[in-house]
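Notes for the one structure printed next.
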Amino acid sequence: MSAWQLYALSGLAWFGVGMWGLFAHAHWVRKILAVNVAGSGLFLVLAALARRATTPAPDPVPHALVLTGIVVGISATALALSVARRLAEVEATARLDEDATHEPAAPPAGADARAGGDAAPPPAGGGAPP
Amino acid sequence: MTALELVAGALLCAGAAFFLAGTVGLLRFPDVYTRLHALTKADNLGLGLIVAGLALDAGSVAEALQLGIIWSLVMVSSSLSCQLVARAARRAGVAPWRRR
Amino acid sequence: MAELRAAVALFLVLTVLVGMIRVARGPSFADRMLVALLMGTTGVAVLVLLAASPGAGALRDVALVLSLLASVTVVAFARLAASGREPAAGPAPGHPDAPAPAPAAATVTVTATVTATAAATDATAAAGADAAAAPEPPP
Amino acid sequence: MSAGLAIDAALALVLPVLAWAVVATPDLRKAIVLFMALGLVAALAWARLAAPDIALVEAAIGTGVTGALLMSCVPWAESLTPASRRARADLALAGALAVVACLGWAIRALPEAGPGLTPAVLGALEVSGVEHPVTAVLLNYRSYDTLLEIVVLVAAAIGIDAVLPDDDARRRLAPPARSLVGVLSHLLVPGAVLVAGFLVWKGAHAPGGAFQAGAVLAAGGILLLFARRLRPVPFAARALRGALLAGPLLFLGVAVAPLVRGGRLLELPVAWAGVLILAIETVLVVTIAIVLLMFFPARVLASSRAPAATVEDPP
């Protein structure tokens with residue numbers, strides 16, 4: 001097996017792991033992280049393919065593509081994380097309103113869908129007395 | 001193999017030994033503050049010895065100079081980073097280890 | 001000499017991999033950051049070793065950039081991420097293996113502190129304590 | 001087996017394992033550190049694959065920007081509700097395997113070895129205005145990629161400002177004070193500016209260029225932001241908008257100019273190509289650095305939305 005095949009296989013496995021994480025995780029930040037993992041795996045595949053060139057230096061076109069990909073990837077990641085953060089902010093306020101007015105003593109319903117994190121109050125943690 | 005190469009090789013091996021020591025310390029020491037202590041040896045001496053070994057048979061003065069710059073940058077950032085990590089650990093309430 | 005350089009580089013790569021055990025064990029976030037610090041320095045060492053081969057001089061620039069920027073993540077860690085309390089052991093919320101959260105697990109512990117030293121400017125309030133309500137005692 | 005091959009084998013083996021650890025660990029903080037470790041090991045893989053340009057970008061963006069970005073998630077990410085109901089693990093596995101199988105089949109279908117596009121790239125290097133093939137591809141042969149990439153970057157900055165607007169007067173940041181981070185920024189930021197300039201200049205004939213330089217410059221700016229020596233500039237500021245748009249506009253101008261004389265879009269005149277590429281790259285460095293800095297608005301730096309709680313020393 002030549003070196004490029006080794007790295008291409010490795011990148012392929014890496015990419016697959018990232019894709020699995022993307023599908024399997026329910027948490028937004030973990031999904032974003034997994035997409036990044038998958039993307040980096042693809043970059044490794046591309047860089048490995050560049051080594052197929054019979055010339056002494058590797059093929060510069062895949063390298064340029066990977067450079068573009070890395071920069072686009074970080075900006076997409078930053079945007080996605082901002083949206084997730086905003087979501088967290090909106091969610092926190094919405095949850096408090098709900099607690100205060102509507103469901104003062106309901107047990108946390110749909111627990112696996114709304115795993116609220118141990119730092120934040122659970123969806124209905126008692127709330128204010130009506 | 002000339003004497004210069006011999007010295008350079010010895011320096012490289014010594015540097016690698018310090019990196020090994022840093023890793024072992026990171027794994028074996030009991031708390032975050034003592035592990036910091038192990039880490040800085042690898043940062044300062046390990047990289048320093050490797051840089052010195054490489055600079056000895058560097059192709060040009062500019063190359064050796066760049067190696068020196070890299071080492072000093074690592075010294076600056078590692079010494080300050082270690083302080084930051086230690087303070088952060090203290091603020092987060094990580095208690096120092098005591099012999100029982 | 002080239003063979004020795006490659007051997008030392010291989011050795012350093014292996015120490016990095018062994019060091020990952022500390023990431024797995026933790027226990028605190030700071031411990032894991034230490035591994036990241038050591039890995040950064042080891043990466044610099046490997047890069048300068050590889051850069052000594054003919055035609056690979058550009059890798060020395062990579063080492064330069066790495067050594068210059070190694071502290072940025074640590075600074076962000078100290079300013080933003082370090083002051084939160086460590087999450088409880090076990091799978092975190094949102095993970096496929098996470099159990100349903102206990103309803104009374106909402107103890108917001110504020111562990112950030114303003115020390116009298118230079119850390120006084122660290123405006124990082126307790127991470128994770130950003131839900132503005134005081135937690136209720138469990139029913 | 002030579003030591004070089006052993007390094008290749010170790011890297012190729014450990015990268016997927018590390019990726020699996022990032023994805024599978026239940027602890028978000030651990031996942032973040034592992035992700036940074038993955039980037040670092042990947043930089044070594046780029047180095048072994050004779051791709052110093054990629055290694056440079058990975059080092060600059062990975063250590064200078066991504067790490068700080070992920071750290072800024074830690075305060076809030078653990079309280080975020082998951083996106084949907086838990087996905088079925090078997091379906092996730094099947095989906096991932098299907099995608100990997102398609103990709104693997106495509107790679108198998110490729111010829112074992114061939115010249116690739118290298119002869120074409122090297123053949124036109126004379127008229128490209130630069131001596132480094134990757135820079136020639138990025139800023140001459142396929143410059144529409146780069147142009148659109150800059151547009152994507154600016155769009156991301158606009159999107160972040162739309163999602164996390166800095167309209168809240170409560171979010172005044174503490175003034176600068178003597179601190180370790182301040183000392184660090186004093187020592188390192190001048191170096192970052194120098195290295196950024198060095199990389200732009202070097203990009204014409206060796207690995208380096210606008211992205212690397214922009215990322216290094218931005219990392220210096222991030223240090224200044226954390227040291228409170230640089231305020232996050234509100235997006236409404238005219239100077240910021242001007243600087244942000246300078247890169248894409250100059251690039252567009254250079255792209256459209258040949259049309260006036262009956263040429264084709266993005267066709268660089270041979271005599272001027274070198275100068276134009278250097279000019280575009282220099283302005284792009286500023287745009288890229290500003291965009292990367294806009295990933296850290298005041299809201300992120302203030303780190304917490306509630307006013308600082310009363311805090312005490314841990315016992």
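So that the names make sense, note that chain A is the first sequence line, chain B the second, and so on, each numbered from 1.
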Sort [X] into side chain, backbone, both or neither according to what part of it lies under 4.5 angstrom from a heavy atom of chain C.
| X | result |
| --- | --- |
| Ala37(D) | both |
| Leu56(D) | both |
| Leu188(D) | both |
| Phe198(D) | side chain |

**Message:** Heavy-atom cut-off 4.5 Å, strictly under: side chain, backbone, both or neither for Leu17(C) against chain D?
**Reply:**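 Side chain only.
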**Part of Val23(C) within contact of chain D (heavy atom distance under 4.5 Å)** =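 For Val23(C), heavy atoms of backbone and side chain both lie under 4.5 Å from chain D.
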Among the options [options], pick out the one with the most heavy-atom pairs lying under 4.5 Å from chain C.
| options | value |
| --- | --- |
| Gly191(D), Gly64(D), Ala50(D), Ser185(D) | Gly64(D) |
| Ala21(D), Pro207(D), Gly4(D), Ala47(D) | Ala47(D) |
| Gly208(D), Ala43(D), Gly62(D), Ala68(D) | Ala68(D) |

**Message:** Applying salt bridge (Lys or Arg N to Asp or Glu O under 4.0 Å) as the test, list every pair that has at least one member in residues 33-47 of chain C; sequence neighbours left out.
**Reply:**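 Found none.
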**Request:** Sort and list the pairs that fulfil salt bridge (Lys or Arg N to Asp or Glu O under 4.0 Å) and have at least one residue in residues 12-25 of chain C, not counting sequence neighbours.
**Result:**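 Sorted pair list comes back empty.
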**Message:** So Arg29(D) and Met33(C), do their side chains get closer than 4.5 Å, heavy atoms only?
**Reply:**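 Met33(C) vs Arg29(D): side chains apart.
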**Request:** Measure the shortest side-chain to side-chain distance between Asp27(D) and Arg32(C) over non-hydrogen atoms and say whether it is less than 4.5 angstrom.
**Result:**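 When only atoms from C-beta onward are counted, Arg32(C) and Asp27(D) do touch, with a gap below 4.5 Å.
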**Request:** Quick one: do Met39(C) and Val41(D) satisfy side-chain contact (heavy atoms from CB on, under 4.5 Å)? Show the steps, please.
**Result:** CA-CA 9 Å; Met39(C) 283 189 70; Val41(D) 180; 3.9 Å; yes
**Choice from Ala24(C), Ala56(C), Ala36(C) maximising heavy atom contacts with chain D below 4.5 Å** =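 Top option by heavy-atom pairs under 4.5 Å: Ala24(C).
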**Proximal to chain D - members of residues 58-68 of chain C, heavy-atom separation under 4.5 Å** =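 Listed by number, the contacting residues are Ala58(C), Leu59(C), Asp61(C), Val62(C), Leu64(C), Val65(C), Leu66(C), Leu68(C).
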**Request:** Sort by residue number and list every member of residues 69-76 of chain C having a non-hydrogen atom under 4.5 Å from chain D.
**Result:**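 Interface residues of residues 69-76 of chain C: Leu69(C), Ser71(C), Val72(C), Thr73(C), Val75(C), Ala76(C).
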**Asked** If you take all heavy atoms of Met20(C) and Leu18(D), which pair is closest and at what distance?
**Response**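 Looking at all heavy atoms of both residues, the closest pair is CE-CD1, 3.4 Å.
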**Request:** Would you name the heavy atoms of Ala9(C) and Ile7(D) that are closest together and state the gap between them?
**Result:**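 Where Ala9(C) meets Ile7(D) most closely, the heavy atoms are CB-CD1, 3.8 Å.
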**Item:** Reported CG-to-CG distance for the pair Leu69(D) and Leu80(C), which is rounded to 0.5 angstrom
**Value:**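 Between atom CG of Leu69(D) and atom CG of Leu80(C) there are 10.5 Å.
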